Amino acid sequence: MKYTEIMIRYGELSTKGKNRRTFINRLSLNVQKSLIDFPKVKVIAERDRMHLLLNGEDSDEIIPLLTKIFGIQTFSPSIRVEKDIEVIKQTAQAIMQEIYTGKETFRISTKRSDHDFIQDTNELNLTLGNAIVDIFPDIKAQMKQPDINLRVEIRVEGAYLSYEMIQGAGGLPVGTAGKGMLMLSGGIDSPVAGYFAMKRGVEIEAVHFASPPYTSEQSLQKAKDLAKKLTPYVGSIHFIEVPFTEIQEEIKKHVPQGYWMTITRRMMLRLTDAIRQQRKGLIIVNGESLGQVASQTLQSMVAINEVTNTPIIRPVATMDKLEIIQMAEKIDTFELSIQPFEDCCTIFAPPQPKTRPKLEKVPKYEQRLDIEGMIARSMANLVHSDISASQVEEDFSDLL
Ligand code: ATP
Ligand code: MG
């Protein structure tokens, strides 16, 4: 049976009082962006529900896209028919003929927002229940947790029948929380961190540090491919490549080995913060996880975090590596992440990084560097692109 509509139930956003309209509008926009390849679909966003009128588009292609949109709790593909008892009865029978295998229990759940309709909900439940028993005399009705719950909704514009309730992604619509800069390496953790930030409504832009020729074109492409894996949740992601070679060479030349890592990370954070300011972001998101590597001890975090007051959200900070990997598998970034391309941090990784850097030593070593000059040069050579779910990728660096 061909679905004509999809009814979307909002998640947490329905509790957000007067911000509700903003949330609904944003969700509506995100749904439209995600369904850009289905121009005939019409989105009608109401206070309690959202309706997608499919106008002939294929629900099988649309359903997987909807499961990735944050802010949707559940949704039900449905069939809209004329508000005529006979037609509704026949449709209910046709649906059951398609899905009933002889084993399931069922119930009819009717809702009526058109109160002028000829039958009330109890009468309709009975009429339709009987219609099903007519064609399947042995079928069992069960009110609590039936295998098949055939929902019928009588609205002013028509009658809607559905039997599937598909789990949505939950969370809040991306963009309702404002924008954050995601420090995206080629590793396992940062794409997962980006996913979680988006889930709570944060729109992200990806910031990636590259140190050619030490890091390869493939390593950059890997970061872009990872960003692309995150686009189904948002439509497109702005990707910023940051030239980092000079900074790493200078650090290596002038700073004692034990402090390479601390100072490299401080430079990354300073640059990300400068980019955040330029791009009007509010926060920084990264994939740091407590205790995972030398840069992620609490002492290191203190020494690194010192360069900015901007809030840094670390969604995977308290997760075990295995938990992060499970998430990476779920969002399909894991296979990409484990491809063996060198990262700027691995190439310049000191043999023995300090896990407890001494705060007072850091400024002393940084004085040996032209911090402002290096940041300015990096900032002048950022490479911007937009990565969208479809293949198109554009370079906007000339326009900025
Ligand atoms: P990941 O799996 O995300 O690479 P990791 O466990 O390898 O993380 P680190 O390499 O110490 O950890 O990096 C910690 C965080 O710093 C990363 O999660 C990421 O947010 C940021 N980061 C590291 N390298 C880069 C890079 N080249 N470009 C942008 N951000 C980076
Ligand atoms: Mg890494």
Side-chain angles (χ1 to χ4, degrees), residues 180-197 202 204-212 214-216 218-227 229-230 237-245 247-248 251 260-276 283-298 300-301 303-305 307-308 310 312-329 331 333-350 353-355 357 378 382-383:
M181 314 312 292
L182 170 67
M183 299 174 71
L184 181 67
S185 66
I188 297 167
D189 307 324
S190 43
V192 173
Y195 169 86
F196 279 128
V202 181
I204 53 167
E205 294 195 355
V207 174
H208 177 75
F209 295 86
S211 300
Y214 306 104
T215 58
S216 64
Q218 287 137 308
S219 150
L220 172 65
Q221 190 56 45
K222 178 181 170 187
K224 287 185 175 178
D225 290 344
L226 283 170
K229 288 279 184 194
L230 299 177
I237 290 180
H238 192 75
F239 184 98
I240 302 161
E241 177 195 343
V242 190
F244 205 50
T245 315
I247 294 175
Q248 291 202 287
I251 291 174
W260 285 359
M261 185 271 298
T262 310
I263 292 177
T264 305
R265 299 288 168 164
R266 284 164 65 99
M267 290 305 289
M268 279 188 173
L269 200 49
R270 286 186 175 105
L271 274 161
T272 306
D273 209 26
I275 297 167
R276 175 199 61 78
I283 56 153
I284 293 171
V285 179
N286 71 24
E288 285 173 339
S289 178
L290 288 181
Q292 216 184 72
V293 287
S295 61
Q296 294 166 22
T297 62
L298 293 185
S300 277
M301 278 189 184
I304 295 164
N305 215 152
V307 301
T308 178
T310 301
I312 302 177
I313 308 284
R314 301 175 174 90
V316 302
T318 59
M319 288 169 75
D320 289 347
K321 193 73 190 184
L322 279 178
E323 292 172 312
I324 304 174
I325 288 175
Q326 267 170 8
M327 234 9 251
E329 279 169 340
I331 63 170
T333 52
F334 183 68
E335 287 300 320
L336 254 176
S337 291
I338 56 174
Q339 281 180 18
F341 295 119
E342 68 301 316
D343 186 49
C344 61
C345 300
T346 39
I347 283 182
F348 287 87
K354 284 252 184 293
T355 52
S378 260
L382 301 176
V383 184

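The model shown is predicted, which means the values in this text are computed figures rather than measured ones. Numbering of ligands and ligand atoms starts at 1, following listing order.
Against a heavy-atom cut-off of under 4.0 Å, Gly187 is close to the following atoms of ligand 1: 1 (P), 2 (O), 4 (O). With ligand atoms numbered from 1 in the order given, ligand 1 contributes 1 (P), 2 (O) to contacts under 4.0 Å with heavy atoms of Ile188. Against a heavy-atom cut-off of under 4.0 Å, Asn286 is close to the following atoms of ligand 1: 20 (O).
Closest non-hydrogen pair, Ile304 versus Arg266, comes out as CA-CG, 3.8 Å. Nearest heavy atoms, Met181 versus Ile240: CE-CD1, 4.2 Å. Minimum interatomic distance between Ile237 and Ala206 (heavy atoms only, all atoms of both residues): CG2-N, 4.1 Å.
On a distance-only criterion, Met268 and ligand 1 share no N/O pair closer than 3.5 Å. The shortest N or O to N or O distance between Pro191 and ligand 1 is not under 3.5 Å. For ligand 1, one of its N or O atoms has an N or O atom of Phe209 under 3.5 Å away. Some N or O of Gln296 is nearer than 3.5 Å to an N or O of ligand 1, by distance alone. Considering backbone and side-chain N/O atoms, Val285 never comes within less than 3.5 Å of an N/O atom of ligand 1.
Between Gln326 and Phe334 the shortest side-chain heavy-atom distance does not fall below 4.5 Å. When side chains are defined from C-beta on, Leu226 counts as touching Ser337, because their heavy atoms get closer than 4.5 Å.
Proximity annotation for atom 23 (C) of ligand 1: of Met183, Glu241, Arg265, Arg265 comes nearest, heavy atoms only. For atom 29 (C) of ligand 1, the nearest non-hydrogen atom from the set Leu182, Asp189, Val207 comes from Val207.
Applying the salt bridge (Lys or Arg N to Asp or Glu O under 4.0 Å) rule to Arg276 yields the partners Asp273; only residues at least two apart in sequence or on another chain are considered.
Inspection of the Ser300 and Thr297 side chains reveals an N or O donor paired with an N or O acceptor under 3.5 Å.
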